[in-house]
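See below for the structure under consideration.
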Amino acid sequence: MITTVEAVAELLAQAERVAVLTGAGVSAESGIPTFRDAMTGMWSRFDPAELASPEGFARQPAMVWNWYAERRAHVTKAKPNPAHLALAEIERRVDRFTLITQNVDGLHQAAGSGRVIELHGNIRRVKCSLDGQVKEEWAADGEVPPRCPDCGGHLRPDVVWFGELLPARAFQEAGAASVDCDLFLSIGTSNLVEPAASLPWTAHRHGATVIVVNPTDEGQRRGPGIQYLLGNSGEILAQLVSAAWRKTSEAAHP
Ligand code: NAD
């Protein structure tokens, strides 16, 4: 079923517990390409599994490091768009708000979101491939990839690769928020990558209204009771925030 900004704004203004899941589409208007779109030029000859798996990294650590270094440079230059800013605003307005992201770009934090559950890690951090210690900073002027100053292992991006488990605590918190919300917004994700893809269905099973925000409802997993708000998330979320809280102030000052 296709819904409207006005109808969702009404739900948002009334909801006490809101959970949001975002995917690569939420950063599209910040110019961050999807994984597939980033595989252009010299990268087009590589298999994604080689660039984003522990086995690929073990085989060609410098190549994988360089691919992520290029993406990291792109991401750090990008700016949050109106969708990121609207979600930071919703966090300020709703008492019990949980933002869950599959993105690794850090743009929710850059927009001012205080608490972000990162299911797939963050490309701006690295971790040691041997001892697993996460690092916010590292020496980038020597060996590629750099070595862990503590154990000498290769540093790698702190992201979840094919075949790896999601961070257990993050996934457990995301599941709990999905079970315990009135309204669940799934924004800019194709909802195909498990286990994150199941979160909207978990929310729906536990009685939440589930709204999918996406330019298209094609290619989305379908199910009864899921409502679609069609459009680009930057535009739609900005409209949603202004409609939701215009309604509240009209109710308070009729
Ligand atoms: P996806 O690439 O599978 O799907 C992106 C979705 O966004 C599509 O359904 C598309 O229709 C929609 N979309 C495109 N433009 C949009 C817009 N302006 N507004 C709203 N929606 C829009 O992305 P996914 O579901 O997140 O899964 C891909 C995986 O790749 C994830 O695991 C994610 O971690 C990773 N990834 C992250 C980033 C990032 O951090 N920005 C970028 C690429 C890939």
Side-chain angles (χ1 to χ4, degrees), residues 2-3 5 8 20-40 43 46-49 51-53 64 67-87 99-111 113 116-125 157-167 170-171 174 184-201 210-222 226-241:
I2 309 291
T3 187
V5 168
V8 180
V20 173
L21 172 68
T22 63
V26 98
S27 294
E29 289 157 81
S30 294
I32 308 225
T34 62
F35 192 79
R36 192 188 305 261
D37 287 344
M39 294 199 59
T40 53
W43 300 111
F46 291 100
D47 174 1
L51 294 167
S53 71
V64 173
W67 149 255
Y68 278 94
E70 215 173 83
R71 291 184 71 207
R72 186 181 302 117
H74 190 85
V75 154
T76 40
K77 276 190 238 132
K79 299 264 182 298
N81 68 54
H84 300 107
L85 297 170
L87 289 168
L99 179 55
I100 309 156
T101 190
Q102 300 167 85
N103 291 346
V104 295
D105 55 32
L107 286 180
H108 286 304
Q109 290 91 333
S113 286
V116 184
I117 298 179
E118 294 178 326
L119 292 180
H120 293 167
N122 192 317
I123 200 171
R124 300 178 193 230
R125 299 186 300 259
D158 183 21
V159 298
V160 177
W161 278 336
F162 294 121
E164 294 185 322
L165 294 175
L166 267 56
F171 192 65
F184 187 102
L185 305 177
S186 171
I187 306 171
T189 168
S190 52
N191 269 325
L192 296 173
V193 183
E194 289 291 359
S198 295
L199 294 172
W201 306 94
V210 178
I211 311 286
V212 169
V213 179
N214 201 295
T216 172
D217 59 349
E218 278 168 32
Q220 292 271 334
R221 193 163 134 186
R222 296 190 171 270
I226 307 291
Q227 301 181 37
Y228 293 88
L229 192 49
L230 298 181
N232 290 333
S233 53
E235 207 176 314
I236 294 274
L237 290 192
Q239 290 171 6
L240 197 56
V241 166

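As the structure lists them, so they are numbered: ligands from 1, and atoms in each ligand from 1.
The shortest N or O to N or O distance between T216 and ligand 1 is not below 3.5 Å. The shortest N or O to N or O distance between V26 and ligand 1 is not under 3.5 Å. The shortest N/O to N/O separation between G231 and ligand 1 does not fall below 3.5 Å. Polar contact check, V104 against ligand 1: a nitrogen or oxygen pair lies under 3.5 Å apart.
Using a 4.0 Å heavy-atom cutoff, I32 is listed among the residues neighbouring ligand 1. At least one heavy atom of P33 sits less than 4.0 Å from an atom of ligand 1.
You'll find the side chain of L199 reaches within 4.5 Å of the side chain of F184, heavy atoms only. Within the 4.5 Å cutoff, the side chain of I32 has heavy atoms near those of the L107 side chain. Counting heavy atoms from C-beta on, the side chains of I187 and V20 come closer than 4.5 Å. In this structure, W201 and I226 have side chains that are in contact, with non-hydrogen atoms separated by less than 4.5 Å. Inter-residue side-chain proximity for L87 and L237 is flagged as met; some heavy-atom pair is nearer than 4.5 Å. Using a 4.5 Å heavy-atom threshold, the side chains of N103 and H120 count as separate.
Applying the side-chain contact (heavy atoms from CB on, under 4.5 Å) criterion to N122, with sequence neighbours excluded, gives Q109, E118, R124, R125.
Between P200 and L21, the shortest heavy-atom contact is CD-CD2, 4.2 Å.
Of the listed options H74, E218, H120, R71, H120 places a heavy atom closest to atom 32 (O) of ligand 1. When the heavy atoms of G25, A197, A196 are ranked by distance to atom 14 (C) of ligand 1, first place goes to G25.
For ligand 1, the atoms sitting less than 4.0 Å from at least one non-hydrogen atom of S190 are 1 (P), 3 (O), 4 (O), 6 (C), 9 (O), 25 (O), numbered in the order shown with element in parentheses. Counting atoms of ligand 1 from 1 in the listed order, those under 4.0 Å from a heavy atom of E29 are 17 (C), 18 (N), 19 (N). Taking every non-hydrogen atom of A28 and a distance limit under 4.0 Å, the qualifying atoms of ligand 1 come out as 15 (N). Interface atoms of ligand 1 facing S27, defined by a heavy-atom separation under 4.0 Å, are 41 (N). Listed by number with element, the atoms of ligand 1 under 4.0 Å from a non-hydrogen atom of N214 are 8 (C), 9 (O), 10 (C), 11 (O), 12 (C). Which parts of ligand 1 touch G23 is read off a 4.0 Å heavy-atom cut-off, strictly below it: atoms 26 (O).
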Only pairs under 3.5 Å count here: list side-chain donor-acceptor contacts from residues 79-86, not counting sequence neighbours, and write none if there are none.
from: N81; atom 1: OD1; to: A83; atom 2: N; distance (Å): 2.7
from: N81; atom 1: ND2; to: V26; atom 2: O; distance (Å): 2.8
from: N81; atom 1: ND2; to: S30; atom 2: OG; distance (Å): 3.1
from: H84; atom 1: ND1; to: N81; atom 2: N; distance (Å): 3.0
from: H84; atom 1: NE2; to: S27; atom 2: OG; distance (Å): 3.2

